[in-house]
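All heavy atoms count here, side chains included; hydrogens, waters and symmetry mates do not. Since this is a predicted model, take the numbers as computed values, not measurements.
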Amino acid sequence: QLRGRTYMKWFTNIFSGRTYYETDNTIQRDDGQMFYKSGSQYIGDHGEIIQKQDDNYMNLNTGTQSTWGDPFAEDK
């Protein structure tokens with residue numbers, strides 16, 4: 001990473017079909033909900049806590065993992 005530059009990538013969760021846009025400090029869901037990075041976790045607008053684990057994510061509130069679901073999706 002170059003100093004003073006921000007990276008941006010996007011990914012689509014195959015289980016929910018939602019698209020996410022990731023920068024150095026945030027992940028934004030396609031409906032505008034934001035998740036803010038704090039260490040190796042992301043904190044959602046509604047109190048969700050998402051833990052980054054290697055190349056996967058796990059929602060610590062619901063137990064949903066990105067290997068079989070969408071940890072950033074709303075708990076219904």
Side-chain angles (χ1 to χ4, degrees):
Q1 176 174 337
L2 299 173
R3 185 169 42 178
R5 299 219 177 186
T6 300
Y7 81 94
M8 182 172 190
K9 70 178 184 176
W10 62 272
F11 59 94
T12 300
N13 182 279
I14 62 171
F15 301 101
S16 68
R18 288 200 172 272
T19 300
Y20 297 89
Y21 304 92
E22 183 176 357
T23 65
D24 290 329
N25 300 310
T26 63
I27 293 178
Q28 182 177 359
R29 195 166 61 198
D30 56 13
D31 66 353
Q33 180 158 348
M34 297 293 293
F35 299 86
Y36 302 93
K37 188 172 187 177
S38 176
S40 64
Q41 298 179 338
Y42 289 88
I43 311 300
D45 288 337
H46 303 143
E48 307 90 343
I49 301 172
I50 314 297
Q51 178 74 45
K52 175 97 167 143
Q53 300 173 330
D54 297 321
D55 291 333
N56 298 303
Y57 296 96
M58 178 177 178
N59 185 315
L60 299 181
N61 302 75
T62 65
T64 304
Q65 297 181 9
S66 58
T67 55
W68 53 266
D70 186 347
F72 295 95
E74 295 177 16
D75 185 20
K76 303 231 178 195

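- At distances below 3.5 Å, not a single donor-acceptor pair connects side-chain atoms of Asn25 with backbone N or O atoms of Tyr36.
- Within the 4.5 Å cutoff, the side chain of Lys37 has no heavy atoms near those of the Lys52 side chain.
- Here the side chains of Asn13 and Pro71 are in contact, with some heavy-atom distance below 4.5 Å.
- With contacts defined as side-chain heavy-atom distances shorter than 4.5 Å, the pair Ile27/Phe72 qualifies.
- Across every non-hydrogen atom of Asp70 and Phe15, the tightest pair is N-CB, 4.4 Å.
- Here the CZ atom belonging to Phe11 is positioned 5.0 Å from the OH atom belonging to Tyr57, to the nearest 0.5 angstrom.
- Between Asn59 and Asn61, the shortest heavy-atom distance links the atoms OD1-N, 2.7 Å.
- For CG of Asp31, the number of neighbouring non-hydrogen atoms (other residues, nucleotides, ligands) closer than 6.0 Å is greater than 12.
- When atom types are taken as modelled, the side chain of Asp30 and the backbone of Arg18 share no donor-acceptor pair closer than 3.5 angstrom.
- Remark: the backbone N or O of Asn56 is not paired with any side-chain donor or acceptor of Asp54 at under 3.5 angstrom.
- For the side-chain hydrogen bond (donor to acceptor under 3.5 Å, both in side chains) with Tyr42, the qualifying choice from Glu22, Gln51, Glu48 is Glu22, the only one to do so.
- A heavy-atom distance below 4.5 Å is found between the side chains of Ile43 and Ile49.
- Distance check: Phe35 CZ to His46 NE2 gives 8.5 Å after rounding to the nearest 0.5 Å.
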